[in-house]
2 protein chains.
Amino acid sequence: MSLNQLRYFVAIAEEGHIGRASQRLFVSQPPLSRQIRYLEEELGTPLFERTPRGVRLLEAGDTFLIHARRVLAEVDAAIEAVRPPRAAGPPSEPD
Amino acid sequence: MSLNQLRYFVAIAEEGHIGRASQRLFVSQPPLSRQIRYLEEELGTPLFERTPRGVRLLEAGDTFLIHARRVLAEVDAAIEAVRPPRAAGPPSEPD
DNA sequence: AGTGTTTACGGCGACCGTAAATATG
DNA sequence: CATATTTACGGTCGCCGTAAACACT
């Protein structure tokens, strides 16, 4: 499992559409489809239901979505927590 | 940033020694040293202080350690949350 | 000189993108 | 037949391991 897989999963879950998610992520559909499949295999349970109109979250997917968001949020928090003052950040603290 | 980098970082932080961490992770020292360096570069701040006896957590490293552990714990929680009953798990729940 | 970390180099595996195939209405 | 996902194939990037070099006591 990788952080990218989690990001892919969240985007697809939010869009309900792999093609739409691929545009949002600036990636093509095949990698997304594949990574989601790998993720499902690794977790041992399907996350989406494939429909001819897109994809739809299953119960496991809905549960996993909550956790995936928390992981990504925590990663961002970790980065923020050690962000040096000299980094190119929002100019909210002039001194 | 990758989950492996976080795992490496936590192991090194806990051991205070790259060589020791490498044994614990079943990896050789160079990859660990490199990944930590990449991580530091990506974060824009050093995490460890290199000493002739090993490494030592800096303040940023100490802060990051807390978050890294939370990320990894949350990843594990995510996996557990969707773990199927039929998976090959520890035989602690006969039914 | 000994311990520990770092850099150099070669090899392997993973991921992405384009193109073709499959499935549903 | 149109839309959306999936599989096949080729190329590129990243990570790991061994070996050599560097730093400090």
* Asked: How is B/Y8 classified with respect to the nucleic acid when contacts are heavy atoms under 4.0 Å: base, sugar-phosphate, or nothing?
  -> sugar-phosphate
* Give the rounded distance in Å between these two atoms: CD of A/Q29 and C1' of C/dC15. => 16 Å
* Structure fact -> Separation of D/dA4 atom P from A/L32 atom CG, nearest Å, is 15 Å
* **Atom-to-atom span, CD of B/E15 to P of C/dG4 - whole angstrom** => 13 Å
* To do: Determine: side-chain N/O of A/R50 to OP1/OP2 of D/dT6, distance under 4.0 Å, yes or no.
  => yes
Under 3.5 Å, which N/O atoms of the protein pair with N/O atoms of nucleotides 22-25 of chain D?
none

* Under 4.0 angstrom between B/R34 side-chain N/O and C/dT7 OP1 or OP2 -> no
* Gap between atoms CZ and C1', on A/R20 and D/dA4 respectively (whole Å) -> 12 Å
* Asked: Closer than 4.0 Å, any side-chain N/O of A/S33 to the OP1 or OP2 of D/dT5?
  -> no
* Examine C/dC15: is either OP1 or OP2 under 4.0 Å from a nitrogen or oxygen in the side chain of A/Q35? Give yes or no. => yes
* Check the distance between D/dT6's P and A/R37's CZ and give it to me in whole angstrom. => 6 Å
* Could you tell me how the ring of B/F9 sits relative to the ring of B/F48: parallel (under 30°), tilted (30 to 60°) or perpendicular (over 60°)? => tilted
* Structure fact -> Out of D/dC16, C/dG4, D/dC9, minimum distance to the side chain of B/V27 belongs to D/dC16
* Structure fact -> Value for OH (B/Y38) from OG (B/S2), rounded to nearest 0.5 Å, stands at 12.0 Å
* Asked: Quick one: does A/Q23's side chain get under 4.5 Å of A/E15's, heavy atoms only?
  -> no
* Separation of D/dC15 P from B/Y38 OH (nearest whole Å) -> 7 Å
* **Nearest-nucleotide pick for A/P30, side chain only, options being D/dC16, C/dA19, C/dT5** => C/dA19
* Structure fact -> From CG of A/L25 across to P of C/dC16 the rounded distance in Å is 10 Å
* Asked: What integer distance in Å separates B/Q23:CD from C/dG4:P?
  -> 10 Å
* To do: Taking only Lys NZ, Arg NE, NH1 and NH2, and the carboxylate oxygens of Asp or Glu, determine whether B/E40 and B/R37 approach each other closer than 4.0 Å.
  => no
* Asked: Checking side-chain contact (heavy atoms from CB on, under 4.5 Å) against B/I36, which of B/Q5, B/E41, B/R50 comes through?
  -> B/R50
* Asked: Closer to the 5' end of DNA chain C via nearest nucleotide, is it A/S28 or B/I18?
  -> B/I18
* Closest approach of B/V82 to A/A60 (non-hydrogen atoms, all atoms of both residues) -> CG1-O, 3.3 Å
* Asked: Taking all atoms of both residues into account, what is the closest heavy-atom pair of B/L3 and A/M1, and its distance?
  -> CD1-O, 3.7 Å
